[in-house]
Amino acid sequence: MAVILDGKTVAQKIKDEIRDEVSRIRSAGGRVPHLAAVLVGDDGASQTYVAGKVKACEYVGFRSTLKKFDAGISEEKLLSVVKELNDDAGTDGYIVQLPLPGHISSQKVVENINPVKDVDGFHPVNVGRMVKNLPSYISATPFGVLKLLEYYKVPTAGKDCVIIGRSDIVGTPLSILLSRKAEPGNCTVTLCHSRTRDIASFSRKADIVVAALGQPEFLRGSMIKEGAVVIDVGITRVPDPASPKGYVLKGDAKFDEIEPRAGYITPVPGGVGVMTIAALLWNTLLAAQRKIYS
Ligand SMILES: NC(=O)c1ccc[n+]([C@@H]2O[C@H](COP(=O)([O-])OP(=O)(O)OC[C@H]3O[C@@H](n4cnc5c(N)ncnc54)[C@H](OP(=O)(O)O)[C@@H]3O)[C@@H](O)[C@H]2O)c1
């Protein structure tokens with residue numbers, strides 16, 4: 001039976017730590033951190049995510065500002081909003097909720113965010129600093145994986161780690177973070193993708209397997225070794241008429257086959273995914289305290 005790496009518990013602990021720090025700042029007469037969010041359009045999932053972020057700010061005692069625009073906003077106008085936020089000394093960090101409508105280049109918008117305020121950690125400067133092992137904002141999903149490993153004191157040094165999926169927001173940054181000279185880290189990492197021949201031949205030898213490919217239940221029990229650490233990043237809505245929502249959330253690992261064999265496993269939901277907001281709050285605190293860029 002595997003130890004469950006419980007994201008809800010760890011995320012709550014991080015939020016409580018941040019809340020304590022905000023109380024200290026307030027009692028010392030300091031300015032509380034201020035996070036702004038830019039939301040474009042009326043995509044239901046984006047609205048839910050942003051509402052969750054605003055609520056979390058209230059919980060920890062941050063100031064928050066929500067800037068909402070309709071889906072027809074021009075790229076030029078959105079870039080002027082980004083500039084205003086860059087110039088506003090009262091805003092410590094901000095996010096532009098993705099995805100953006102098709103007529104707006106997300107890349108251009110992200111590249112116009114001042115890296116100092118880029119608490120999502122998507123700007124190339126922050127990615128580059130992460131690669132060079134310099135202080136940087138680590139984006140939500142890799143942050144969530146590192147914090148779970150750290151909280152549960154999962155040994156990583158010298159371990160063989162296989163990551164399945166090489167996207168620029170999950171697999172690729174995680175491959176860098178887990179292989180760097182740090183704790184958690186010091187792994188020997190193999191990065192698998194859709195062109196990898198015989199993924200099972202790699203995953204079966206690994207001490208740590210990260211499934212981040214977006215293929216529900218791709219990783220089967222027979223693809224891991226006894227006692228392996230399995231980090232399931234995948235979240236896919238799979239239609240299910242029996243569920244009140246009409247769908248169920250599935251990870252990239254087949255939990256019922258893997259859990260009896262693994263040493264540790266993250267559940268879906270309640271594993272890596274719930275760490276996202278904690279990551280954003282953490283980065284905002286770092287921004288307010290000038291811990292990344294002095
Ligand atoms: N927990 C969270 O907070 C969180 C955050 C972000 C994403 N996610 C979830 O994580 C999953 C991955 O997201 P993503 O944004 O990284 O996805 P993505 O951009 O679609 O990238 C998927 C990666 O998996 C590889 N891949 C796809 N099918 C494969 C297969 N059959 N065999 C081997 N490799 C395969 C792709 O290979 P190629 O490069 O060769 O195409 C690509 O590198 C999704 O379920 C997503 O919803 C969760």
Side-chain angles (χ1 to χ4, degrees), residues 6-16 18-19 33-73 78 81-82 85 91-104 106 109-110 113 117-122 137-145 147-148 167 169-170 212 214 216 232-252 266-285:
D6 177 9
K8 283 188 199 157
T9 301
V10 183
Q12 188 59 46
K13 204 179 154 344
I14 293 170
K15 283 193 279 185
D16 287 341
I18 297 171
R19 192 156 83 148
H34 179 196
L35 173 70
V38 178
L39 177 62
V40 178
D42 50 14
D43 175 69
S46 293
Q47 283 180 338
T48 308
Y49 295 144
V50 170
K53 289 167 187 176
V54 170
K55 204 170 144 207
C57 282
E58 280 165 19
Y59 178 80
V60 298
F62 284 2
R63 199 179 140 208
S64 70
T65 302
L66 175 57
K67 290 180 176 281
K68 283 175 83 167
F69 301 93
D70 68 46
I73 186 175
L78 187 59
V81 172
V82 164
L85 287 164
T91 303
D92 297 299
Y94 68 96
I95 59 152
V96 178
Q97 184 66 43
L98 302 179
L100 292 169
H103 64 280
I104 299 174
S106 300
V109 170
V110 169
I113 295 174
K117 297 189 176 189
D118 167 41
V119 285
D120 255 343
F122 289 159
Y137 301 116
I138 293 174
S139 60
T141 309
F143 173 97
V145 174
K147 285 286 176 190
L148 281 170
S167 74
I169 58 162
V170 187
D232 188 353
V233 175
I235 306 177
T236 305
R237 288 181 178 189
V238 176
D240 180 358
S243 151
K245 288 182 178 162
Y247 65 85
V248 286
L249 293 179
K250 292 270 183 205
D252 285 347
T266 59
V268 176
V272 178
V274 291
M275 298 290 291
T276 315
I277 289 180
L280 182 66
L281 298 174
W282 186 268
N283 283 343
T284 305
L285 182 64

Nearest heavy-atom contact between G271 and T266 is CA-CB, 4.3 Å

Going by heavy atoms in the side chains, are V272 and T141 under 4.5 Å from each other?
yes

Which donor-acceptor pairs under 3.5 Å do the side chains of residues 49-61 make with protein atoms, sequence neighbours left out?
{"residue": "K53", "atom": "NZ", "partner": "Q97", "partner atom": "OE1", "Å": "2.8"}
{"residue": "Y59", "atom": "OH", "partner": "Q12", "partner atom": "NE2", "Å": "2.9"}
{"residue": "Y59", "atom": "OH", "partner": "D16", "partner atom": "OD1", "Å": "2.5"}

Which heavy-atom pair separates S167 from V170 by the least distance, and what is that distance?
OG-N, 3.1 Å

Is there a donor-acceptor pair closer than 3.5 Å between any side-chain N or O of D232 and the backbone N or O of P267?
no

CZ/F122 to CG/L98 distance, rounded to the nearest 0.5 angstrom?
6.0 Å

Donor-acceptor contact below 3.5 Å, side chain K117 vs main chain T91
yes

For P33 and D92, the nearest pair of non-hydrogen atoms, with its separation, is CA-OD2, 3.3 Å

Report the distance from atom OG1 of T276 to atom CG of L281, rounding to the nearest 0.5 Å.
11.0 Å

Restricting to non-hydrogen atoms, name the atom on D118 and the atom on Y137 that form the minimum distance, rounded to 0.1 Å.
O-CD1, 3.2 Å

Is the backbone N or O of I73 less than 3.5 Å from a side-chain atom of H103, with the two atoms forming a donor-acceptor pair by type?
yes

Do D240 and S243 have a side chain donor and acceptor closer than 3.5 Å?
no

To the closest 0.5 Å, what do you measure between OH (Y94) and CG (L280)?
13.5 Å

Quick check: closest heavy atoms across I138 and N283, and the distance to 0.1 Å?
O-ND2, 3.1 Å

K250 and P216: which non-hydrogen atoms are nearest, and at how many Å?
CB-CB, 3.9 Å

Would you give the length of the straight line joining atom CG of D252 to atom OG1 of T236, rounded to the nearest 0.5 angstrom?
6.0 Å

Distance in Å, I104 CD1 paired with L78 CG, rounded so as to fall on 0.5 Å steps
5.0 Å

Going through the checks in order, is the side-chain contact (heavy atoms from CB on, under 4.5 Å) test met by R63 and L35?
CA-CA 6 Å; R63 199 179 140 208; L35 173 70; over 6 Å; no

Are V119 and I95 close enough, and set up right, to give a side-chain contact (heavy atoms from CB on, under 4.5 Å), and what steps lead you there?
CA-CA 7 Å; V119 285; I95 59 152; 3.9 Å; yes

L66 side chain near L39 side chain, heavy-atom distance below 4.5 Å:
yes

Here the gap from D43 atom CG to T48 atom OG1, rounded to the nearest 0.5 Å, amounts to 8.5 Å

